[in-house]
Every structure is written in C-alpha cells, then in structure tokens.
Amino acid sequence: MTTHPGPRACTPTTCHLGVDVHADGTTTTVRLDGELELTTAEVLLGVVDGVLRRPASGPGVPARVVVDARDLSFCDVTGLNALLEAQRRAARSGGHLHLRTVRPFLRHVIAATGTDCLLDGGPTRGPGTPRGTAG
C-alpha cells in the first residue's frame, strides 16, 4: 500500500487540482481535490498515464483505476472530457477506470451529457457513445 501526492496545477490564487494516488492490491485509487477544468485536465491525464504504465496489480495485469471524486469542487466540459479520455486510455490498455463517490453536481452533468459510462455499474456502451446506441 503506497500513497503518492500528485502534482498541483495553477497557482493558489486561481485554480488547483490536488491528486492523491493510493495503490492497494489490484486497484489504484486516484483521489481528486479541487477543480478539474481547462488548466488542470492534463494533470489528471498525466497521473492516469503513470498508473496505467505501472498498475497496482503488477506487470502484464490490466489496471483497475478508481477515480474518487468526493473532494472535486468543480468540473467543466474539459474536465469531463479528461475523465472520458482517461477511461478510453484505460480501456485501450486492457484496464478499467470508473468514478466513485460522485457529488450531486457532477452526477447531474454526467446524466445530462449521457456519459454515465464513467460510473461503476453504468450502462455498458462505450465512453462518449450517445444514448440509445451500442458501445
């Protein structure tokens, strides 16, 4: 079990995204704190790329990544796209990524945009696939 503080984006007077990575067994939890938006989206993608290169389950075993959004205070369309791109990258590597502990504002955005594939137990269509189509 290891915990690594992640990088912060922006300055303390503008926006920030804190990232804490915790590997336990076969799952890596990426806990977000702050704002996921235009200036911080690359921080998330960089962290997820690192996790996918070194999955908690070991070499050759698909990564299982959980993004814990309990402390996420804001997410714009760029942030949502970053989450979808992170999920696509995990899938391309044979792994799986989903959100956990989603606050009501983000759950509403996810439902309104039809991107509930981000949620564990969401529909099985592919990330970003419009409602009513197979993934």
Side-chain angles (χ1 to χ4, degrees):
M1 177 169 35
T2 59
T3 301
H4 303 283
R8 290 204 181 263
C10 303
T11 67
T13 58
T14 58
C15 64
H16 85 277
L17 180 68
V19 181
D20 183 60
V21 179
H22 176 80
D24 188 13
T26 60
T27 301
T28 300
T29 300
V30 176
R31 188 166 181 177
L32 304 179
D33 178 10
E35 302 168 9
L36 183 56
E37 46 82 63
L38 179 64
T39 63
T40 62
E42 287 300 319
V43 173
L44 171 65
L45 292 173
V47 169
V48 168
D49 285 346
V51 168
L52 295 174
R53 281 192 300 274
R54 295 175 303 284
S57 50
V61 179
R64 178 169 167 74
V65 182
V66 174
V67 177
D68 185 332
R70 81 181 70 212
D71 295 324
L72 196 62
S73 59
F74 178 79
C75 182
D76 69 4
V77 68
T78 304
L80 184 60
N81 281 331
L83 289 167
L84 289 165
E85 178 59 23
Q87 189 178 59
R88 281 190 287 272
R89 291 178 185 187
R92 279 196 304 265
S93 73
H96 177 74
L97 180 142
H98 72 270
L99 291 174
R100 176 178 76 193
T101 322
V102 178
R103 295 176 68 182
F105 83 89
L106 185 54
R107 188 169 296 277
H108 174 75
V109 170
I110 288 168
T113 57
T115 55
D116 45 346
C117 57
L118 285 166
L119 303 173
D120 192 30
T124 56
R125 64 183 183 271
T129 303
R131 289 184 183 276
T133 62

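We're numbering straight along the sequence, starting at 1.
- Listed for the T40 side chain is a donor-acceptor partner under 3.5 Å among the backbone atoms of E37.
- L17 and L45 are assigned to two separate hydrophobic clusters, defined by single-linkage of ILVMFWY side chains at heavy-atom distances under 4.5 Å.
- Looking at L118 and L80, their side chains come closer than 4.5 Å, going by heavy atoms from C-beta outward.
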Which side-chain N or O atoms in residues 46-54 pair as donor and acceptor under 3.5 Å with protein atoms at least two apart or in another chain?
| unit_1 | atom_1 | unit_2 | atom_2 | d |
| --- | --- | --- | --- | --- |
| D49 | OD1 | R89 | NH1 | 3.1 |
| D49 | OD2 | R89 | NH1 | 2.8 |

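- Formation of a donor-acceptor pair under 3.5 Å by the Q87 side chain with backbone atoms of L97 is found in this model.
- Taking all atoms of both residues into account, the shortest heavy-atom contact from C75 to G79 is SG-C, 3.7 Å.
- Every residue two or more places apart in sequence or in another chain that forms a side-chain contact (heavy atoms from CB on, under 4.5 Å) with T78 is listed here: L38, A41, D76.
- Sorted by first and then second residue, the ring pair (Phe, Tyr, Trp, His ring centres under 6.0 Å) pairs with a member in residues 84-104 read H96-H98; sequence neighbours excluded.
- The shortest distance between side-chain heavy atoms of F105 and S73 does not fall below 4.5 Å.
- Looking at L32 and V67, their side chains come closer than 4.5 Å, going by heavy atoms from C-beta outward.
- To the nearest 0.5 Å, the span separating CG on L119 from CD1 on I110 amounts to 4.5 Å.
- With hydrogens and angles ignored, the 3.5 Å screen pairs no side-chain donor or acceptor of T101 with any backbone N or O of A69.
- Taking D71 as the reference, R31 meet the salt bridge (Lys or Arg N to Asp or Glu O under 4.0 Å) condition, with sequence neighbours excluded.
- Paired with T29 under the rule side-chain contact (heavy atoms from CB on, under 4.5 Å), one option of D20, V65, V66 passes, and it is V66.
- Counting only heavy atoms from C-beta outward, the side chains of V19 and L44 never approach each other to under 4.5 Å.
- Here salt bridge (charged side-chain N to carboxylate O under 4.0 Å, His left out) pairs that include residues 55-68, with residues two or more places apart or in two chains, are D68-R70, D68-R100.
- In this structure, the separation between CG on L83 and CG on L72 is 7.5 Å, given to the nearest 0.5 Å.
- For R103, there are no salt bridge (Lys or Arg N to Asp or Glu O under 4.0 Å) partners, not counting sequence neighbours.
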